[in-house]
Structure formats: structure tokens, C-alpha cells
Amino acid sequence: MIKCIRQPTLETLGLGSVTEIFRNGRLPADAGELVDRVFGAAAERGSLVISGAHGIVGAGKMMQLTSRLEPFGVRSISLSRPRTADGIGPQYPGLVQAVGKERADRVMGNIIRMTYDGTSLPADLKHWRPRFLLEAIPEILDIKRAHYKIFRDAFPGIEIRSVTSGFPSSELGVGVAHPSFPHEINKVWEIIEEETSSITQLLWALGLVPVPVSDDWSFVLDVLFCGATLAGLRYHRANNMPFWKIDKFVRKHVGPNPFRAHDVIGAGGANFLTWSCLHHLSEKYGALFRPTPELDERQETGQDWYPLNHFRPLVNWSMDDEAEEEFIAWIQGALFQMASLLLHERRGHLSHVNAIGELCAQFRRGILAMIRSVGAEEAIKCVEAYHRLHPEAAGNCWYPDVFGQLDSPEWQQLYVNAEHDGGVGVITISRETYNQDVDAELNRAIDWLRTEGIAHVIVTGDFHLATQMVGADTSEFYPALSDVEAGRRVAGNWSATARRLHDDFQVSVGFVGGKRCLGGFLELLMHCHYLVAVEDAALGMPEVTLPVVPGMEGCHWPFRKATRGEWPKLVRMLLTGAPVKAKDAVGWLIDYAGPLAQSLAMAWNLASGKEGGLSARKLDEGRLEGILADVGVSASDNLATEAARAAIMETIRDSCGAALSEALEIQARHSADFFGTSFCREGGIGAEYQRTMMV
Ligand SMILES: NC(=O)c1ccc[n+]([C@@H]2O[C@H](COP(=O)([O-])OP(=O)(O)OC[C@H]3O[C@@H](n4cnc5c(N)ncnc54)[C@H](O)[C@@H]3O)[C@@H](O)[C@H]2O)c1
């Protein structure tokens, strides 16, 4: 039996637990088998049809799905109305950039373009044996329903999913697979179906991120995204602040710039979709969601929200603290109230509700992480302050009681879960960047495993929401730019957490199963007794390129586990920031690299102490001398890079030159000191801080 802190999100897709993946040495679903199930066996392979394939969603999803299904011999049919502008052709340059010309040509060559009159399907469509229709036509209920009817009449067994922005499946009569912008890139799909289908599992097996949500209007993403837009609109009505400036403050306090996003998606369509979601939400839930007159007007005109650039500075001004407090109440108050509805209606696994804001709506921290960080009492006060500003929202749709559950495992472990089978524990991390939430949750997961008496652990991504591990969330470093102590605290605390992976378990195994593991995440996992990676994963320390100085012990820990002869490789990696393939890093950075199945089996064998393991590389806890900077890296003409290289080299020397017990603090101080230099403050993170926070 497998015991978990909270339900693994994989289980919501009918794919079991992460422990089983390691124990079985394979993934729970196989793309080839699922393609057979959805599209028929190879000899009679059917096709994918996307209707509205020249539209914003249709064209993007045509790229994303065709590039994944073409290798299985599934043809893609684009079905559109005559006189529709080509939406697929313009995707070609992006596709070439992503997969190269040869592959891009093959993908494009797999698409069969058909047009029809909207009422009777092309006669030769049947030759392509349509098995799955992804409907991406305009957001008009009657048109969508009529569209399904003609498909069902012609192809009775066909599976249909709608990409609708907000119509529940119960209204449409088909399942929903709601994607999010930018459609060729974003992997998340909100899924509504009675029970998990092979289509959904296939999306997962193809490397996409299906997320089940409940069958309620506008799902989770659009409640949050359209909700943030509406909150900005209400503030505009109350204070007459221009939209571009509201965007700046929403970005500062939440993350997205909702008005700009409409212009980028295309205000003509996006204004209508936001209006449509809010209109239907307000019909069901009342004034909290009622569109403002500005949106009513723009859904018809399709007008952009931003004026021409040169008008902006002329009307700039700043807010005092009191005004900013009021702004926060307008925006966060509305969003917290909307989140109470999402929770009251149990619209999804809490980790999903939280992640959707981050992955699809540019929230810096998910809505539930935001609420958790202020606490139930403050969150309720914030909504009450909003109600004083906008009394209409107070009447309904407000469920403060849901915030009473903040101490439950579901709320406490939004990003990090732990499971165990009585012998081996598995810690899963579902966020691609490391931040204070992940750090705190990881500590709680370690505590839980220890209380459960687990001494053997695998630390891994979650095989669902996080498809890679890209390092620290750089917004966590903002306070460090002006406060050395804040920088030291981040580096010191995160390193202390990382050390627990080494100190608190008899055997710990870091596992890299995704495309890449970089920076802070690589530093975290290198603290495990063993590090196992799939052979094609990219591993690296890109800090020098930002520039920052690694602060989670990357400047000494790996040296202590490598032989003197391997040190130049580590120095080179730290000074250039260039990643290495896992298969080239065995012996000096990691312990094993192989194909997925072998890597899973190796991680399991090491953690469970079975035959076929490896002997651990020993950690030298003493002082290391003689690490040379001269490793054949040519000087950069970028002053900041050279300054970062010098600081990194100094950190390597000082932290390696001390005993392990002192090295944590030494490297944390070096990392903190560099945050205060002009190179860092005027570098990428400093610029991002200025743009985001200093408005
Ligand atoms: N735009 C977004 O970011 C976004 C995000 C999620 C979901 N959606 C949903 O996607 C759907 C399409 O939206 P869009 O933004 O791509 O719109 P769009 O206007 O860009 O594309 C719709 C396409 O459908 C075509 N069309 C119209 N009637 C048709 C018919 N009967 N048969 C075949 N094609 C037909 C149109 O010519 C157009 O090319 C809507 O349901 C919308 O709610 C949009």
C-alpha cells in the first residue's frame, strides 16, 4: 500500500502514484498503445481533425498535436470555412526554430487542408477515417452544437472535444479540452469528461499537461484570468487610471498584465471571449462577475487596451502607500473571493487550481499560495475591504469558510508531495522553479517521511505539472538586491534544506526525468547520495549568465564528490553556464545516465537497496586545495560576466578551502555579496526587478 501526504495529481488522470512509476520501471501510460486506442491500429490508423484550424487556437494546437502525432502515422486534417485567412502557414517559422527545417517540413506535410461550407462535411473526409475531432470554432453555443451534429451524423463513433473558453460540457454535449495561450507552446489543457479518457491519457503520454477540472462555467483558468481583467476594469472605473498603468500594478502584486495580454492575443477575439466568460459567470453567480461597460463596448469594437506607446510617459504618476493598499483590495480582494468560489465548488485538485494561475495566467505565485502566505484572516479582511469599495460583490459568491482549511495537507503541499510504500519514500516537486513555497513544502515533506520512519528516498519531478527543473525563481532574489542579509538568508536557508537530503536519510536519490535540471534545482539534487538522470537531460549552472553567484552550494558540493582530475569540468560548467548532457556528466556530476526505463530502475534499485546499484561517490568533508581557474575559457567582453566569473571563482576557492561544516555559510555570504554589486543590480534580475516592482 502506498501512503501519501495528499493525493498525487497523477492519480486524477487515472495514472496511479509516482512510487509505482519507479517500482515498475516504466511510465503508467504508453503513447503508442494510446494512439492505437484513440486512432485505431497502424493498419487502419484514423486521423485527427481540427475544425477552425486557421484560428488562434486551432492553428497553435495543430502544430502542437501534429508534431507529436505525425511520428505515429496519424494524419491531421484542418477543416475550415472558405475565405479564411491562412493561420497555419504563419506557424512555420516558429516550428522551424523549435524542431528544425527537416522536421518542420514533415510536420507541415502531414496536414491535409480541407474547406467546407459549414453545413455539410467534405465527401472525401471519410477516406481519412476521422477518429478524434478537436473543435476550435467560435465561442457561440448554437454553432458549436450544430457542428457536433454534422460530425456525429457522418461519423457516429467519433470522439469530440471542444476547446471552448467557458461553456460547460453539460451545455455543449461533448467533453472539453480547454487549452491556454500561447497555444503552440503552452502544454496545459483543462479537461472535463465524465471519466478519464484515453485521449486525456494520450495528451499526458505525449508530454502535455492535462488537468481535470469540474464541469462549471469558465473552468479555473478563465475565472482567474478574466477575473483579474475584471478587477482591473473595476479599479479603472473607480479611479480612472489608464489600463496600461493598472497592468503595471497588477503585475507587481499578482504577476499578469491582463490588458496587455488581450492585445497580444488579439483584442478583437480576446475581448469577446473575456466578455463571454464574465457574462455567463455573472448570469450564474451574480454581480461579482458582471462585465463593466468598458468591456461591453470593447467586445463589440475589438479595440486594443493600450494606446500608442508615446502617450504613456506623459500621463505617468505614482501611488502613495494608502492608494496602493486600496489597489490591492480591489484586485486581490476580487481574486480571493473568486478563489473561494473555486474551492467551494471543488473545481479541482488544489495543486491544479494553484498551478493553473502560474502556468497559464502569469501569476507569480498561484492563487492558493498567495492566500496561504497572507493567512486566512488577512485574506478574509482583504475581501471585506473589497466589499467596502464595491458593495455589489458582497451579496453572494463569498465562501470565507473554505479558508478555514489552510492547515490541511492539500493546502500545505501545493507544490511538493511525498509518498512511501513502507520502505522507500518518494518526494515529488511540481514547480519548475524553486521558491520559498517549494522550500517550505520540501521541508514539511522531509519531516513527514521521517515521522513515518522512512530512511530511503527518491527526490524527483512529479511526472505531471513540472516537465523540467529550471532553477531558482529569480523573483525571490528581489529583496537581496538591496539587502545583503536577505540574500544571505535565502542562500543559507535553501542550502540548509538541500543538506537535509544528504543528512536526514540513509539513502537519497535525486532523479532527473525531464528535459533539463539547472541552477538551484541541480544544486538541490546534487545533495542526494546519488544523482540519476535520463541520458538526454541537460544539466547546468547558468547563474553566471544572469549574473548571480550560485548560493545552494554549487560552488563546493560537487567538487567534494569529484576527483581532482574532474575539477576542471566543474569549473568550466560554472564559469561558462553552458549545460552538459547527462550522459557526459556521469562520474563527475552525476552517478548514472540511461534511457528512461533503465534510469527509473536504477533509481529504484539504489533507493531500495536492491542488486544492481552503484557505489556512492564519497563526499570529501575536508579542505580542498588547488582548484585552478585556468580551464580554457576565453575571456568575455561582457564586464558583468567577467565580474561574475571572478566572484564565482572566489566562492569556489573559499568554500572548497574550508571544511564542509563552514562552507555553507561562506558560499551563502559570497552569493549575497554579489547581489549587492552593480553587475547584478543592473543585470537581468535587476532589470526585471525595476520593471516589475518599481512602478
Ligand atoms: N483565443 C484564445 O486564446 C482561446 C483560448 C482558449 C479557448 N479558446 C476558444 O477557442 C475557440 C476558437 O477561438 P479562437 O480564439 O481560436 O477564434 P478564431 O476566430 O481565431 O478562430 C475560429 C476559426 O473558426 C473558423 N470557423 C468558424 N465557423 C466554422 C465552422 N463552422 N467550421 C470550421 N471553422 C469555422 C473561423 O473562420 C476561424 O478561423 C473558441 O471556442 C474560444 O472560446 C480561445
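The basis for the numbers below is simple: all heavy atoms, side chains too, and nothing from hydrogens, waters or symmetry mates.
Smallest separation of non-hydrogen atoms from Ser351 and Thr9: CB-CG2, 3.9 Å. Nearest heavy-atom pair, Ala29 versus Leu15, reported as atom, atom and distance to 0.1 Å: CB-CD2, 3.9 Å. For the residue pair Val57 and Pro179, the shortest heavy atom distance occurs at CG1-CG, 3.8 Å. Closest heavy-atom contact between Trp305 and Asp263: N-OD1, 2.9 Å. Here the closest heavy-atom approach between residue Arg45 and residue Gly40 is recorded as NH1-O, 2.8 Å. Nearest heavy-atom pair, Ser78 versus Ile111, reported as atom, atom and distance to 0.1 Å: CB-CG2, 4.1 Å.
With rounding to the nearest 0.5 angstrom, the CG atom of Leu224 is 13.0 Å from the CD atom of Gln362. The structure places CG of Leu141 at 9.5 Å from OG of Ser276, a figure rounded to the nearest 0.5 Å. In this structure, Leu172 CG and Lys144 NZ are separated by 7.0 Å, a value rounded to the nearest 0.5 Å. Atom-to-atom distance recorded for Asp296:CG and Leu233:CG is 10.0 Å, nearest 0.5 angstrom. For the atom pair His127 NE2 and Ser47 OG, the distance stands at 12.0 Å (nearest 0.5 Å). Interatomic distance, Leu343 CG to Asp401 CG, rounded to the nearest 0.5 Å: 12.0 Å.
Formation of a donor-acceptor pair under 3.5 Å by the Asn354 side chain with backbone atoms of Leu368 is found in this model. Judged by distance alone, with hydrogens and angles left aside, the side-chain atoms of Glu139 form a donor-acceptor pair with the main-chain N or O of Gly166 at under 3.5 Å. Judged by distance alone, with hydrogens and angles left aside, the side-chain atoms of Arg23 form no donor-acceptor pair with the main-chain N or O of Trp604 at under 3.5 Å. Judged purely by atom type and a 3.5 angstrom limit, Ser198 has no side-chain atom pairing as donor or acceptor with the backbone of Val38. Between the side chain of His54 and the main chain of Gly87, a donor-acceptor pair closer than 3.5 Å is present. Asp117 places a side-chain N or O within donor-acceptor distance of the main-chain N or O of Thr119, the cut-off being under 3.5 Å. Remark: side-chain polar atoms of Thr84 are not paired, donor with acceptor, to backbone N or O of Ser80 under 3.5 angstrom. Between the side chain of Arg68 and the backbone N or O of Gln64, at least one donor-acceptor pair lies under 3.5 Å. A donor-acceptor distance shorter than 3.5 angstrom exists from the side chain of Asp215 to the backbone of Ser170, with no hydrogens or angles considered. For Asp462 (side chain) and Ala466 (main-chain N/O), a donor-acceptor pair under 3.5 Å exists by modelled atom type.
With no hydrogens or angles considered, a side-chain donor-acceptor pair links Ser162 and Glu135 at under 3.5 Å. Using modelled atom types and a 3.5 Å distance limit, the side chains of Gln201 and Thr196 yield no donor-acceptor pair. A donor and an acceptor atom, one from each side chain of Glu11 and Ser17, are nowhere located under 3.5 Å apart. Side-chain contact of His147 with Ser51: a donor-acceptor pair under 3.5 Å is present, judged by distance alone. A donor-acceptor contact under 3.5 angstrom links the side chains of His262 and Thr274, judged on distance only. Judged by distance alone, the side chains of Thr19 and Glu419 do bring a donor and an acceptor atom under 3.5 Å apart. A donor and an acceptor atom, one from each side chain of Arg6 and Gln413, are nowhere located under 3.5 Å apart. A donor-acceptor pair shorter than 3.5 Å can be found between the side chains of Ser180 and Asn186. Of the N and O atoms on the side chains of Ser197 and Arg161, at least one donor lies less than 3.5 Å from an acceptor on the other residue. A donor and an acceptor atom, one from each side chain of Glu432 and Thr467, are located under 3.5 Å apart.
Between Phe22 and Phe463, the ring-plane angle classifies as perpendicular under the 30° and 60° cut-offs.
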Which is it for Leu341 and Trp398 under the side chain to side chain contact (heavy atoms under 4.5 Å, CB included) test, yes or no, and what are the steps along the way? CA-CA 7 Å; Leu341 172 70; Trp398 171 218; over 6 Å; no
With salt bridge (charged side-chain N to carboxylate O under 4.0 Å, His left out) as the test, would you mind laying out the steps for Arg129 and Glu44 before giving the verdict? CA-CA 8 Å; Arg129 291 192 279 260; Glu44 67 218 20; over 6 Å; no
Asn110/Arg75 under side chain to side chain contact (heavy atoms under 4.5 Å, CB included): CA gap, chis, key distance, verdict: CA-CA 6 Å; Asn110 194 56; Arg75 301 304 296 261; 3.2 Å; yes
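At least one side-chain heavy atom of Val107 sits less than 4.5 Å from a side-chain heavy atom of Leu95.
For Arg113, the CZ atom sits in a packed shell: over 12 heavy atoms of surrounding residues, nucleotides or ligands are nearer than 6.0 Å. No more than 12 heavy atoms of other residues, nucleotides or ligands shown are found within 6.0 angstrom of CZ on Arg346.
Both tests do not hold together for Arg298 against Trp275: distance to the six-membered ring centre under 6.0 Å, angle to the ring axis within 45°. Taking the ring axis of Trp189 as reference, the NZ or CZ atom of Lys61 stays within 45° of it and closer than 6.0 Å to the ring centre. Judged by the 6.0 Å distance and 45° axis criteria, Arg347 is not positioned over the aromatic ring of Phe219. Taking the ring centre of Tyr415 as origin, the terminal cationic atom of Arg431 falls inside the region bounded by 6.0 Å and 45° from the ring axis.
Aromatic ring centres of His464 and His352 lie closer together than 6.0 Å. For Phe289 and His280, the ring centers are positioned 6.0 Å apart or more.
Of the residues listed (Val209, Leu34, Ile191), the one engaging Leu203 in a side chain to side chain contact (heavy atoms under 4.5 Å, CB included) is Ile191, and it is the only one. The only member of Tyr285, Tyr399, Trp217 that meets side-chain hydrogen bond (donor to acceptor under 3.5 Å, both in side chains) when paired with Glu345 is Tyr285.
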